Amino acid sequence: EPEVTQTPSHQVTQMGQEVILRCVPISNHLYFYWYRQILGQKVEFLVSFYNNEISEKSEIFDDQFSVERPDGSNFTLKIRSTKLEDSAMYFCASSGGLQETQYFGPGTRLLVL
Amino acid sequence: ILNVEQSPQSLHVQEGDSTNFTCSFPSSNFYALHWYRWETAKSPEALFVMTLNGDEKKKGRISATLNTKEGYSYLYIKGSQPEDSATYLCAEKGWGKLQFGAGTQVVVTP
C-alpha cells in the first residue's frame, strides 16, 4: 500500500542552524501539506502546496520557513535559522484531491538546542 | 465553539468493553470531519472522512457518527481489544487545511 515517507526520523540541531526536512508523498497525489506538533499541544497546520506553489499558510509559517518540490517525488520543508521554539514533530501529508483524505507520514522529530 | 475539542482527554477500557468519545467542532462553514488513529512512532492512520449531517461510517469494530447542525461527532469502539490502544484524533477540514483536536488517548487493558 502506498505511503508517505519522511526523513530523517530524528534531527538535532543548534539554534540558528538551517534544517531541511524531507518527504516523499504518495506518487499520484497533487496536494501536499506540512503540519507540526509541539510536545503537549495540538497538531497544527503550517502550509499547503499545490501546482508548485503555496496555496495556504498559517501565521506560524513566516519568512524563516519555505517549502519546495525540487523534483517529481520529494517535498521539502526548510527552516532557515532554527529557534528553540521550532522543536516539534513535523508531519508531511498528501492527498489526491483538495477534499480527499490526507495521508500522513510518520513524522520527523526536530530538537533545537 | 471556535476550536476543535475532544473529550475525554484519555480513557481506560477493559478488553471486551465498548466505549465512545466526542469531537466538537465549529458548525459554521463546515466541509468535512476527519478521524485518525495514531499509535506512537507510526503515521496517523486515516479512519473516516465524514461530510453529511447524519453520516454514519463503520470500519470493523470502529464506527463514527456526525451531527453538523450541533457540531459534534462520536467515535465508537465495540468490543475493545488491546490493539485498539492509540490516540484518536479528529480534525475539521476547512478549505484545505485540517484543524485538529487534542486527541483522546485510549488504553485497552487485558
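Side chains are part of it too, since the values below use all heavy atoms of this structure and drop only hydrogens, waters and symmetry mates. Chain letters run A, B, ... following the sequence lines, proteins first and then strands; every chain starts at 1. Keep in mind that what you see is a predicted model, and the values were worked out from it rather than measured.
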Proximal component of Ser55(A), with respect to chain B [non-hydrogen, under 4.5 Å]: neither
Ring center gap for Phe21(B) and Tyr76(B) short of 6.0 angstrom: no
Lys/Arg-Asp/Glu bridge criterion (N-O < 4.0 Å) met for Arg36(A), Glu44(A): yes
Contacting region of Gln102(A) [heavy-atom separation from chain B under 4.5 Å]: both
Proximity breakdown for Glu100(A) and chain B, heavy-atom pairs closer than 4.5 Å: backbone
Parallel, tilted or perpendicular: rings of Phe100(B) and Tyr36(B) (30°, 60°): tilted
Ring centers of Phe49(A), Tyr31(A) separated by less than 6.0 Å: no
Option in Tyr35(A), Tyr33(A), Tyr50(A) with maximal non-hydrogen atom pairs under 4.5 Å from chain B: Tyr35(A)
Cluster link Phe61(A) to Phe45(A), ILVMFWY, side chain under 4.5 Å: no
Option in Trp38(B), Tyr31(B), Phe48(B) with maximal non-hydrogen atom pairs under 4.5 Å from chain A: Trp38(B)
Heavy-atom contact with chain A under 4.5 Å, split by part of Lys97(B): both
